[in-house]
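Each remark here refers to the structure printed beneath this line.
For clarity, every value in this text was computed on a predicted model and none was experimentally measured. Computed from heavy atoms alone, side chains included, the values below leave out hydrogens, waters and symmetry copies.
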Amino acid sequence: MRKRFCVFCGSSAGADPAYAAAAASLAAQLAAKNISVVYGGSNVGLMGILADTALAAGAEVIGVIPRALVEKEIAHPHLSELRVVGSMHQRKALMAELSDGFIALPGGYGTLDEFCEILTWAQLGLERKPCGILNVRGYYDHLLSLFDHAVEERFLQPEYRCMLLCDTTAESLIERMLRYEAPLVDKWIGRKEA
């Protein structure tokens with residue numbers, strides 16, 4: 001059965017052309033491995049670049065978009081499939097249901113919200129699918145440092161920090177995600193000492 005990876009990314013192309021190049025590279029690598037793309041359904045920014053490149057390479061691309069955004073005319077008109085939902089919450093739930101793994105490209109609040117919610121589900125054992133960051137030109141360095149700090153301050157177990165895959169190339173990240181096995185860890189820090 002064909003795998004599907006969900007990609008969270010910006011509705012802007014960002015300031016650095018490397019972000020657009022990374023979105024195109026990721027889409028091409030996923031298509032080359034016969035992995036379908038699930039994403040937010042937009043035709044703008046990195047989202048549009050991702051979808052257009054994947055479609056041009058022959059990949060299946062499924063968009064999931066809230067009705068309010070369709071009405072703003074940013075829905076991609078040429079996807080393999082466009083699922084229209086009622087809310088952002090429904091969007092995240094459906095994207096998770098449709099996907100076998102999750103990748104974050106550069107993006108803003110929406111990208112961080114979607115990706116961190118999936119990471120939380122993985123930490124709680126609600127999902128056992130790989131979660132990876134494509135760290136383009138160090139975009140996520142500060143976030144990764146924050147996660148390391150959370151481990152040092154005992155808000156995050158080291159095993160859960162390690163469940164977040166990170167790479168600087170699409171090909172390497174995809175290969176690591178395809179080999180991923182989720183850890184089995186008791187979520188609550190301190191319970192072992194009690």
Side-chain angles (χ1 to χ4, degrees), residues 3-33 35-57 59-66 69-70 72 74-83 85 88-89 91-96 98-122 127 129-144 147 164-174 176-177:
K3 287 198 175 290
R4 293 174 174 164
F5 280 1
C6 179
V7 181
F8 302 120
C9 58
S11 57
S12 165
D16 191 326
Y19 303 143
S25 174
L26 177 61
Q29 291 290 329
L30 290 170
K33 295 188 182 307
I35 298 171
S36 299
V37 174
V38 176
Y39 85 116
S42 174
N43 65 356
V44 296
L46 296 184
M47 295 171 77
I49 294 164
L50 175 83
D52 289 341
T53 306
L55 289 166
E60 174 187 51
V61 180
I62 301 170
V64 183
I65 192 167
L69 297 181
V70 172
K72 292 181 186 267
I74 63 167
H76 198 295
H78 304 296
L79 301 177
S80 308
E81 185 178 349
L82 181 66
R83 306 264 189 113
V85 295
M88 293 295 282
H89 296 292
R91 175 197 231 179
K92 288 186 280 189
L94 183 55
M95 291 168 95
L98 293 172
S99 302
D100 300 300
F102 306 89
I103 297 174
L105 281 166
Y109 286 150
T111 300
L112 292 172
D113 166 62
E114 291 166 336
F115 189 71
C116 286
E117 183 161 347
I118 288 294
L119 273 178
T120 302
W121 293 356
E127 289 285 355
K129 302 170 185 176
C131 299
I133 284 178
L134 187 56
N135 194 17
V136 183
R137 299 201 46 159
Y139 182 81
Y140 282 112
D141 285 354
H142 295 294
L143 180 65
L144 296 169
F147 292 160
L164 171 57
L165 306 175
C166 183
D167 218 304
T168 57
T169 69
E171 185 174 16
S172 178
L173 180 59
I174 293 166
R176 291 175 64 200
M177 291 181 67

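Closest approach of S99 to K129, counting heavy atoms only: O-NZ, 2.7 Å. Of all the heavy atoms in A22 and V136, the pair that sits closest is CB-CG2, 3.4 Å. The two residues A31 and A54 have their closest heavy-atom pair at CB-O, 4.5 Å.
Shown here are the salt bridge (charged side-chain N to carboxylate O under 4.0 Å, His left out) partners of E171, two or more places apart in sequence or in another chain: there are none. Looking at residues two or more places apart in sequence or on another chain, you find a side-chain contact (heavy atoms from CB on, under 4.5 Å) between A170 and S25, L26, Q29, L134. For A51, the side-chain contact (heavy atoms from CB on, under 4.5 Å) partners are Y39, V61, H76, L79, not counting sequence neighbours. Annotation: salt bridge (charged side-chain N to carboxylate O under 4.0 Å, His left out) contacts of D167 (sequence neighbours excluded): R176.
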Return a table of donor-acceptor pairs under 3.5 angstrom between the side chains of residues 106-122 and protein atoms on other chains or two or more places apart.
from, atom 1, to, atom 2, distance (Å)
T111, OG1, C9, O, 3.3
D113, OD1, K92, NZ, 3.4
D113, OD2, K92, NZ, 2.9
E117, OE1, K92, NZ, 2.6
T120, OG1, C116, O, 2.9

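The list of salt bridge (charged side-chain N to carboxylate O under 4.0 Å, His left out) pairs with a residue in residues 18-33, not counting sequence neighbours, reads K33-E175. Evaluation of the side chain to side chain donor-acceptor pair (under 3.5 Å) test over residues 3-20, restricted to residues two or more places apart or in two chains, returns D16-R137.
The CE atom of M95 lies 12.0 Å from the CZ atom of R83; values are rounded to the nearest 0.5 Å. The line from CD1 of I65 to CE of M88 is 9.5 Å long, rounded to the nearest 0.5 Å. The CZ atom of F8 lies 8.0 Å from the SG atom of C131; values are rounded to the nearest 0.5 Å. Here the straight-line distance linking atom CG of D141 with atom SG of C166 works out to 8.0 Å at 0.5 Å rounding. Going from atom CG of N135 over to atom OG1 of T169 covers 11.5 Å, rounded to the nearest 0.5 Å.
You'll find the side chain of N43 reaches within 4.5 Å of the side chain of P77, heavy atoms only. Looking at L164 and L144, their side chains come closer than 4.5 Å, going by heavy atoms from C-beta outward.
For the side-chain contact (heavy atoms from CB on, under 4.5 Å) with L50, the qualifying choice from L55, I103, V37 is V37, the only one to do so.
Side-chain atoms of R91 come within 3.5 Å of backbone atoms of G40 as a donor-acceptor pair (strictly under, hydrogens ignored).
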**OP:** Please assess M47 against I74 for the test side chain to side chain contact (heavy atoms under 4.5 Å, CB included), listing each intermediate value before the final yes or no.
**Re:** CA-CA 10 Å; M47 295 171 77; I74 63 167; over 6 Å; no
